[in-house]
Amino acid sequence: MKTKYYDFSEIISEADLDDIITAYKRGEVIAFPTETVYGLGADINNDEAILKIYKAKNRPSDNPLIAHIGSIDQLEGLVKVVPEKAKLLIDAFWPGPLTIIFNKNNNISNVATAGLPSIGIRMPDHPVIESILVKGDLVLVAPSANISGSPSPTTMKHVSNDLDGLIYGIIDGGNCEEGIESTIIDLTSEVPTILRPGTITKEDIEEAIGKIEFDESLIGTAVVIAKAPGMKYKHYAPEAKVYIIDNCNNIELILLEINKEKMNIKKCALICFDENNINYDTIGTPNKFSLGSQSDLKYAIRNLYRILRDCDILGIENIFIEGYKEVGLGFSYMNRLRKAANGNFLKEK
Ligand code: TXA
Ligand code: MG
């Protein structure tokens with residue numbers, strides 16, 4: 001299949017917009033930009049189209065998709081009731097990077113929701129996808145537009161690297177502002193529960209609706225099954241082996257590991273905050289990437305997946321990357337890092 005490219009990075013062309021809307025309604029699958037990461041969308045009313053998403057991404061069929069809406073009216077067709085707490089969250093955070101899990105209407109596709117009685121919904125904050133949803137009166141279900149298991153795409157080029165030739169179209173809407181996937185909050189449980197942390201933090205949400213919890217699978221060391229089916233899969237991982245390191249306190253440990261594993265130093269990468277950069281010079285790797293300043297974690301999060309993907313392009317075999325305190329945004333940053341590293345911390349035994 002020859003993938004069609006639409007360039008909306010500068011302006012939204014009305015003719016292309018109509019072309020895209022018609023294609024979605026015909027059952028085509030097209031990747032679109034959002035403020036978090038790029039999504040791979042299909043019409044929620046077309047099971048055949050939705051199946052194309054699972055096939056193109058090589059996604060397990062037990063992993064449900066998020067529905068994307070452009071206006072609040074569209075919400076009513078999808079859910080049984082809109083709980084009071086959902087109304088508060090919608091007021092505070094939509095459009096924006098928050099997915100809310102509701103009890104779904106009976107007529108909603110089981111293919112999209114992997115047979116669950118619930119559905120995750122969000123209203124993205126990006127002019128390109130908003131125009132499509134509103135002008136076409138479409139609800140699009142979409143996972144991130146990557147091959148399952150690789151870091152989510154934050155540029156058109158990332159989508160193209162993974163999915164060119166496998167999908168009908170890709171829309172370029174520039175670089176994603178947030179850089180990691182939306183926060184997911186489940187409102188079907190007794191106490192509202194965060195299933196996936198994102199750039200809207202637990203503290204942000206508690207300001208709007210009071211006490212909430214993290215899903216047990218996100219905290220502690222106990223092995224529990226994640227309530228968001230997708231969270232159980234190895235995720236967001238580059239090809240290289242990833243080591244999480246403390247803030248430049250364990251340079252000796254890094255050197256020991258490099259020697260022990262006989263690593264090729266030219267194929268090692270160091271990803272660190274600017275404040276600590278020169279402390280790593282003794283390691284001697286030519287590949288250093290900046291996470292920006294420790295005082296601006298949003299920058300690090302925005303660039304994390306791009307840096308991991310750049311490491312793959314350079315053929316990096318081992319990555320050492322600095323961790324962060326696990327509170328607020330730091331909790332979300334560390335959640336993605338743990339997944340990229342498969343839990344691999346470089347620590348004194
Ligand atoms: O920012 C985002 O959320 C991006 C953009 C494209 O909107 N989308 C995204 O989708 O990250 P995906 O498919 O890569 O991740 C969706 C996650 C999965 O872990 C899935 O298991 C969970 O949401 N999920 C979806 N529906 C659910 C439901 N009804 N109950 C529990 N978890 C659900
Ligand atoms: Mg994904």
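Atoms within each ligand, like the ligands themselves, are counted from 1 in listed order. Just so you know, these numbers use all the heavy atoms, side chains as well, and skip hydrogens, waters and symmetry mates.
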(request) Please determine if the Mg ion (ligand 2) has an N/O/S atom from Ser152 lying under 2.8 Å away. (result) no

(message) As a check for students: among Pro97, Ser144, Ala114, Ala142, identify the option with a heavy atom nearest to atom 14 (O) of ligand 1.
(response) Ser144

(message) Check this for me, if you would: do Glu181 and Arg122 make a salt bridge, where the nitrogen-to-carboxylate-oxygen distance has to be below 4.0 angstrom?
(response) no

(message) Between Asn335 and Ser332, is there a side-chain donor-acceptor contact under 3.5 Å, judged purely by atom types and distance?
(response) no

(request) Before accepting this row, confirm whether a basic side-chain N of the pair Lys25/Asp137 lies closer than 4.0 Å to the acidic partner's carboxylate O. (result) no

(request) Just jot down the ligand 1 atoms closer than 4.0 angstrom to any heavy atom of Asn63, in number order. (result) 18 (C), 20 (C), 21 (O)

(message) For Phe273 together with Tyr324, are the ring centres under 6.0 Å from each other?
(response) yes

(request) Determine, for Glu178 against Lys298, whether the closest basic-nitrogen to carboxylate-oxygen distance falls under 4.0 angstrom. (result) yes

(message) Show the atoms of ligand 1 that are less than 4.0 angstrom away from any heavy atom in Thr36.
(response) 1 (O), 2 (C), 4 (C), 5 (C)

(message) So if I count the atoms of ligand 1 from 1 in the order they appear, which ones are less than 4.0 Å from some heavy atom of Leu116?
(response) 28 (C), 29 (N), 30 (N)

(message) Can you see whether Asp274 engages Ser290 through a side-chain donor-acceptor pair at a distance of less than 3.5 angstrom?
(response) yes

(request) For Arg122 and ligand 1, answer yes if some heavy atom of the residue is under 4.0 Å from a ligand atom, otherwise no. (result) yes

(request) Heavy-atom contacts with Gly39 under 4.0 Å: which atoms of ligand 1 show up? List them by number with element. (result) 6 (C)

(request) Run the numbers for me: atoms of ligand 1, each under 4.0 Å from some heavy atom of Pro64, listed by number. (result) 20 (C), 21 (O), 24 (N), 25 (C), 26 (N), 27 (C), 33 (C)

(request) Report yes if some N/O of Tyr38 lies less than 3.5 Å from some N/O of ligand 1; otherwise report no. (result) no

(request) Return yes when Arg59 approaches ligand 1 closer than 4.0 angstrom through a heavy atom, no otherwise. (result) yes

(message) Under 4.0 Å, heavy-atom basis, I'd like to know which part of Asp186 is in contact with ligand 1: side chain, backbone, both or neither.
(response) neither

(message) Are any of the N/O atoms on Thr34, whether in the backbone or the side chain, positioned under 3.5 angstrom from an N/O atom of ligand 1?
(response) no

(message) Just to be sure I read this right, does ligand 1 sit under 4.0 Å from the backbone of Thr113, its side chain, both, or neither, counting only heavy atoms?
(response) neither

(request) Mark up the atoms of ligand 1 that fall under 4.0 Å of a heavy atom belonging to His68, in ascending order. (result) 5 (C), 6 (C), 7 (O)

(request) Verify the distance criterion only: is there a donor paired with an acceptor across the side chains of Ser182 and Thr36 at less than 3.5 Å? (result) no

(request) Check whether any N or O atom of Ser182, backbone or side chain, sits under 3.5 Å from an N or O atom of ligand 1, and answer yes or no. (result) yes

(message) Assess whether a salt bridge exists between Lys4 and Asp16, defined as any Lys/Arg side-chain N lying under 4.0 Å from an Asp/Glu carboxylate O.
(response) no

(message) Would you say the ring centers of Phe331 and Phe214 fall short of 6.0 Å from each other?
(response) yes

(request) Would you mind running through ligand 1 and noting each atom that sits below 4.0 Å from a heavy atom of Ile184? (result) 17 (C), 22 (C), 23 (O)

(request) Before signing off on this row, confirm whether Ser118 and ligand 1 have an N or O atom pair separated by under 3.5 Å. (result) yes

(message) With no hydrogens and no angle check, just 3.5 Å: does a side-chain donor-acceptor pair link Asn146 and Tyr305?
(response) no

(request) Could you tell me whether the side chains of Lys157 and Asn175 share a donor-acceptor contact shorter than 3.5 Å? (result) no

